[in-house]
Every structure is written in structure tokens, then in C-alpha cells.
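Per chain, numbering begins at 1; letters A, B, ... match sequence-line order.
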Amino acid sequence: MTEETPSKIPAFIREAVAEDLKNGRFNYVRTRLPPEPNGYLHIGHVKAFLIDYFTAQEFGGELYLRFDDTNPSKEETEFVDAIEDDASWLGIKWAKVTFASDYFDLLYDWAVRLVQMGFAYVDDQTQEEMSASRGTLPKGTKWSETESALKPGVDSPYRNRSVEENLDLLERMKNGEFAEGSRVLRAKIDMAHPNILLRDPVMYRIMNAHHHRTGDKWHIYPMYDWSHGQNDSMEGVTHSLCSNEYIIHRPLYEWFLQKLEAFPSRQIEFSRLNLTYAMMSKRKVRKLVEEGIVRGWDDPRLTTLRGLRRRGVTPEAIINFVTSTGETKNDSYVEMAQLEAIIRDDLNKRAARRMAVLRPLKLVIDNYPDDMVEEMDAVNNPEDPSAGTRKVPFSKVVYIEQDDFRETPPPKYFRLFPGNEVRLRYGYLVRCTHVVKDDAGNVTEVHCTYDPATKGGDAPDGRKVKSTIHWVSAAHAMKAEVRLYEQLFTVERPDDGDLDSIINPNSLEALTDCYLEPALKNASLSDRIQFERTGYFCLDLDSTPEKPIFNRTVTLKDSWAKEQKKGQVE
RNA sequence: UGGGGCAUGGUGCAAUGGCAGCACACCAGCCUUUGGAGCUGUGGAUCUUGGUUCGAAUCCAGGUGCCCCAGCCA
């Protein structure tokens with residue numbers, strides 16, 4: 001009996017790759033991960049990363065990390081480092097790091113070959129002229145409500161220049177003899193092609209920008225279509241996996257490689273990941289950062305990898321999420337609840353349990369000796385016995401959660417109220433006797449009596465209480481700030497909306513008066529902690545020993561909150 | 001009046017001609033020293049019309065709906 005490890009890549013990709021191996025198109029597998037270094041990675045990128053990585057892995061192949069740095073006006077080294085850092089944090093391993101710019105010389109040679117074969121020419125038209133001569137899409141598409149029909153493009157007046165003239169002009173473009181935007185090199189395909197991408201696509205444009213790696217050497221830079229496939233081929237990439245929007249580029253991808261008789265890399269597409277309440281548009285996320293709506297690219301409310309990371313989500317949870325949602329060619333929107341469920345599942349297994357009171361209310365145990373302190377045994381993780389136990393100090397005055405006391409309890413409220421008995425977790429059974437109020441009528445102290453026979457929380461007489469609440473000894477508590485996060489947006493699809501009207505003003509609530517059990521003093525940045533009954537938390541990057549700060553990664557499921565909500569609706 | 005892609009519960013994914021299943025969400029219950037976790041159960045789907053077949057989510061034909069494409073962005 002051999003247990004097969006389940007595949008982490010979708011069947012349609014697995015089968016396509018297997019077929020290429022079987023029929024001899026390739027005898028090895030190499031994939032590539034092609035980020036453009038112009039921003040930080042977000043969770044939408046992870047899916048593509050993982051498909052590339054796992055495809056190589058499953059077929060015993062290798063992965064290259066290749067930065068697509070063909071547009072010097074937008075790209076920066078800062079992002080190269082950040083992307084490498086994020087990808088390795090995820091656990092992705094690559095055989096080597098390359099850059100599209102590593103191939104600029106070879107690519108230029110290939111362009112010259114195409115010109116020599118008569119498949120490319122230099123066009124002197126202005127951008128407007130080129131656009132106008134490309135033809136139009138028919139009425140009904142989003143670009144054209146008024147145009148009545150599809151119109152074929154018309155040939156550029158420069159389309160039939162001689163090979164010699166093209167070669168000369170291309171050389172001079174490369175040498176920086178012409179102004180930016182004055183000329184381009186175009187492939188010579190078909191100006192009437194139904195696929196507009198094949199209407200003589202631009203290969204090179206003139207740019208005098210400074211490139212982060214090649215400096216000022218180049219005055220022409222390749223377009224995506226004249227670079228990506230060629231780089232794949234030059235690197236011996238067998239399978240170039242990308243998102244559905246590139247499907248229409250595939251004929252062009254193949255056209256170039258066929259004309260050049262180059263290594264036949266194969267492009268395969270899949271749908272990109274969409275997540276509700278997540279902003280995937282780089283441009284819009286940048287705006288959030290620039291306008292100060294969030295605190296930076298690593299704001300825990302963002303679904304950038306850095307944000308998720310700072311929030312306390314583990315790489316394993318992210319990988320579980322992406323592989324469990326699966327990959328197809330369907331357009332889809334995964335619910336944020338799905339991500340949260342997987343984060344909870346992951347953290348439930350690994351997080352140490354601790355007690356923390358976020359909104360404190362003083363509870364005084366009147367019959368407990370004034371100066372007595374007891375060390376109570378508390379379980380670190382009921383899901384993991386090997387995590388052991390710890391001691392938690394207990395004394396006469398403790399803090400409990402404001403939510404855990406009601407002077408007049410609503411229906412089905414099991415927590416503390418006058419006359420009711422509850423368990424202080426790992427402590428004692430206590431019964432509420434009376435409250436103390438301030439002048440405004442707010443409860444400032446809850447008074448209880450405890451049953452000394454119930455140390456640890458078990459009643460020898462077998463009596464049950466309906467509720468167990470958490471607490472922190474006032475004399476031993478560690479004070480901290482706790483940041484609670486909610487959805488950043490009020491709508492499911494923030495990429496579609498107008499930014500100003502979709503921001504949730506309550507997405508961050510910073511509680512500065514929280515009391516934590518003393519064991520939390522030893523918390524480190526990599527720790528994952530469950531504050532019992534509240535949620536999963538981790539130390540924030542801004543935290544210092546003098547001023548500890550914790551982030552809420554995700555709440556626990558809260559059936560009482562749900563019950564209350566139901567009561568409001570009905 | 002172009003080209004391309006995609007249609008399975010609310011959401012995401014399976015079922016590769018043979019009992020439509022899983023996860024999340026939802027609802028009900030059990031259990032519980034976390035109103036957590038866990039467990040049990042209910043409801044709910046093959047876009048449509050026709051065809052092939054003993055048998056169709058799957059194959060064929062037509063229709064419908066949604067998405068992508070006119071950057072010297074990637």
C-alpha cells in the first residue's frame with residue numbers, strides 16, 4: 001500500500017506538464033516566478049508563486065526567481081530585496097535569481113535577427129497615430145459605446161522600410177540618437193488581425209531613464225511581450241505559468257518563439273486569486289499608504305504579505321489557504337471568512353494560551369485574605385499536551401472583562417451578575433454579592449465571595465457553573481496596548497469602489513489600558529498567543545519592553561456575539 | 001458588431017460516461033474549566049434548450065450570462 005501524497009497543483013496544469021514530458025517536448029521541468037519589482041507582494045501573488053514552486057517541485061524540476069525589470073521608470077531595488085525576503089519567508093526556494101535586464105544584450109541580438117528576417121520594423125509614427133491606426137473594438141465593449149463597428153487597423157507608412165534602413169535606425173535608437181517617444185520597433189504581423197495584440201505590437205520603446213541594474217547603458221527598453229517569452233526561452237523555462245489575462249498574449253508569445261526557432265517554452269494560464277474585503281490593486285494600496293489611511297505597506301489591516309506577517313499570520317496558514325482554495329481558470333472571489341478559518345485552524349494548534357483582560361473591570365474577592373498570593377496551574381495548550389503548564393498568580397483583587405459582568409443580565413447571559421456564580425479560570429468559583437458605582441452610576445467594582453474548596457476551579461460537591469471567565473491578578477498584571485483590527489473596507493470588493501466611501505472608520509481600535517498575565521513579559525516577536533476567549537495575538541513590531549503592544553491576528557469564533565446579534569435583528 | 005476565456009449549493013473547489021461530494025458560511029443539537037476547540041445532524045447546486053447514450057455535471061449542437069483585450073504598463 002503506497003500512500004500517494006496529494007498534489008498541490010491543479011489537475012489541468014499537472015496533466016499538461018506530464019503530457020509535455022511524455023511526448024518529448026521537454027525532458028525536464030523548470031518554472032519561473034516573475035515579479036515586477038515595483039511594489040510589495042500581496043496575498044494575490046502568493047497563488048502564482050506557489051503554483052510555480054509546487055509545479056517545479058512535483059516534477060523534480062527547479063524554479064527561477066526572475067525579476068521583470070523592463071521598465072526603469074517604475075522599478076526599484078528596494079522592492080527586489082523586499083520581494084526576495086517575503087518569498088523566502090513563505091518558504092519558497094529557488095535555484096537562482098535572475099533579471100530580465102540580464103538578457104538585454106541577447107534580446108537585442110534576437111531583435112536584430114527578426115529585423116533581418118523582415119519580421120520587425122522601426123515605426124516613426126506618434127503614439128496618437130499608432131493608436132488611431134490600430135483600429136477599434138466593436139460597440140458594446142467597455143471602450144467603445146459609440147463606435148459602430150470593429151475596424152481593422154491600417155498599415156503604418158513606415159511598415160515597408162528596407163531591412164538596411166531598419167537595422168540602421170534600430171542601432172541608432174539603441175545608441176540614444178533619438179528623442180524619447182519618437183520611434184519604436186514593432187513586430188510585423190497583421191494590422192487586420194482579430195486579436196488586437198497581433199496588430200504589429202511594439203517591441204522596443206525609447207526611454208532615457210536610469211535603470212536600477214544596467215544604469216545608463218540602454219536607451220531602449222523592451223515591452224512585456226518582447227521580453228517575457230524570450231527570457232523564458234533563454235533560461236530554458238519549460239512552463240511559464242501566468243494568470244488568465246495573458247491568454248490573449250499566448251499567440252504572440254508563440255509567434256516570436258517560432259520565428260526565432262527558439263526553445264519552445266509553454267505558457268499556461270490560471271485564474272488569479274480574488275479575496276473579499278481585500279484590496280489587490282497596487283495603485284490603490286499605494287494610495288492608502290500615501291494618504292495615511294493605513295500606517296505603511298506592512299499595516300496589519302492590509303493583505304500584503306508584510307501586513308499579514310505583522311498581523312501574526314504564519315506562512316503555513318497562507319500556504320494552506322491558497323492550496324485549499326484550489327486553482328482553476330474560473331473567475332472567483334474567495335470569502336475572507338475562508339482565510340480566517342484557516343488562520344484559526346493553524347493558530348489553534350500552535351498558539352500558547354494566556355489570559356489577558358482587554359477592557360478591565362475590577363473584581364474584589366471580599367473573603368480572600370488581603371495579602372495572600374497563590375500560584376495556580378494553567379494549561380498552555382489544550383490541543384498540545386507537550387506544551388505543558390505554567391503558574392499564574394492569583395490574589396484578592398483581579399481584573400475581569402467588562403463584558404463578563406452585567407448588573408442586569410440579558411436572556412441567555414451566563415456570565416457574572418449579582419447572585420450568580422462563575423468560575424475564574426484555573427482559580428476559584430466566585431459568587432457576585434454587590435457592586436460599587438461611581439457618581440455617574442457606572443459600575444467600578446464588582447464584589448464577590450469565593451469558595452475556598454474550589455481551588456483550581458473544580459467543585460468537590462460536583463456543582464456546575466455555566467460560565468468560566470478569564471482574569472488577571474491586579475497586583476501582578478503587565479500593562480500593555482492591544483490593537484484590534486477589523487475589515488479595512490465596508491464593501492466586499494474594494495478594488496471596484498471609490499476609495500473615500502469604502503473605508504471602515506473603525507478598522508483599528510487601540511486599547512491602551514489592558515492587563516496581561518505576567519508570563520507574557522517573555523513573549524517574543526515570533527510567538528503566537530491565544531488570549532483565552534478573545535482571539536489570537538502576537539507582538540507588534542512597534543512593541544518595546546517598556547511599552548508592549550499586541551496585535552489581534554483574528555478573533556475566536558464567538559457564539560455569544562452571534563446570539564446577541566440575532567437578538568437585535570429579531 | 002471582432003477575438004479570447006469561463007459557467008456545479010451563499011462562497012471556493014471535487015466528481016475525467018455510472019449513487020453530485022468536500023471545505024468555508026448558515027441553521028439545529030451534543031460536549032466543554034475558553035460561549036474556544038471538538039462531535040453529530042438539517043437545509044441548499046450541475047446556466048438554458050435540444051441531441052447522442054441503458055446511463056450525461058461530463059460528449060455534441062444551439063442559446064444565455066459573466067470576465068479579459070484598442071499602454072511606447074506588466
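- By the rule that a glycosidic angle within 90° of 0 means syn, B/G29 does not qualify and counts as anti.
- At B/C13, none of the side-chain N or O atoms of A/Ser324 fall inside 4.0 Å of OP1 or OP2 (strictly under the cut-off).
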Could you go through nucleotides 20-26 of chain B and list every protein N or O atom that sits under 3.5 Å from one of its N or O atoms, giving the distance for each pair?
from	atom 1	to	atom 2	distance (Å)
B/C26	OP1	A/Lys562	NZ	3.2
B/C26	OP2	A/Lys562	NZ	3.3

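- Here the separation of B/U40 from B/G65, taken at their C1' atoms, is 40 Å to the nearest Å.
- Stem analysis of RNA chain B (at least three stacked-register Watson-Crick or G-U pairs, each with both distances under 3.5 Å) gives B:2-7 with B:64-69, B:10-13 with B:21-24, B:27-30 with B:38-41, B:47-51 with B:59-63.
- Panel note: side chain A/Asp451, backbone A/Leu429; no donor-acceptor pair is recorded below 3.5 Å.
- For B/U8 and B/G4, the C1' atoms lie 23 Å apart once the distance is rounded to whole Å.
- Of the residues in residues 347-358 of chain A, A/Asn348, A/Arg353 come within less than 4.0 Å of RNA chain B through at least one heavy atom, sorted by number.
- Phosphate contact (OP1/OP2 of B/G2, side-chain N/O of A/Asn195, threshold under 4.0 Å): absent.
- Between B/G18 and B/G55, the distance separating the two P atoms is 14 Å to the nearest Å.
- Between A/Tyr224 and the options A/Phe256, A/Tyr253, A/Tyr246, a ring pair (Phe, Tyr, Trp, His ring centres under 6.0 Å) holds for only A/Tyr246.
- Checking A/Met130 against A/Arg250, the closest nucleotide of RNA chain B that is more toward the 5' end is the one next to A/Arg250.
- Comparing the same atom, C1', in B/A28 and in B/G51 gives a spacing of 45 Å after rounding to whole Å.
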Just the atom pairs and distances: protein N or O near nucleotides 42-45 of chain B's N or O, under 3.5 Å.
none

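- Comparing A/Val465 and A/Tyr246, the nucleotide of RNA chain B nearest to each residue sits closer to the 5' end for A/Val465.
- A/Glu335 meets the side chain to side chain donor-acceptor pair (under 3.5 Å) test with no other residue; sequence neighbours excluded.
- Comparing the C1' positions of B/U42 and B/A61 gives a spacing of 40 Å, expressed to the nearest Å.
- Residue A/Ile248 is classed as a base contact, given a heavy-atom separation below 4.0 Å to a base.
- For the C1' atoms, the distance from B/G62 to B/A25 is 37 Å, rounded to whole Å.
- Checking the phosphate oxygens (OP1, OP2) of B/C13, a side-chain nitrogen or oxygen of A/Thr328 falls inside 4.0 Å.
- Annotation: ring pair (Phe, Tyr, Trp, His ring centres under 6.0 Å) contacts of A/Tyr221 (sequence neighbours excluded): A/Phe104, A/His211.
- Applying the 3.5 Å distance criterion, the base of B/G36 shares a donor-acceptor pair with the side chain of A/Glu383.
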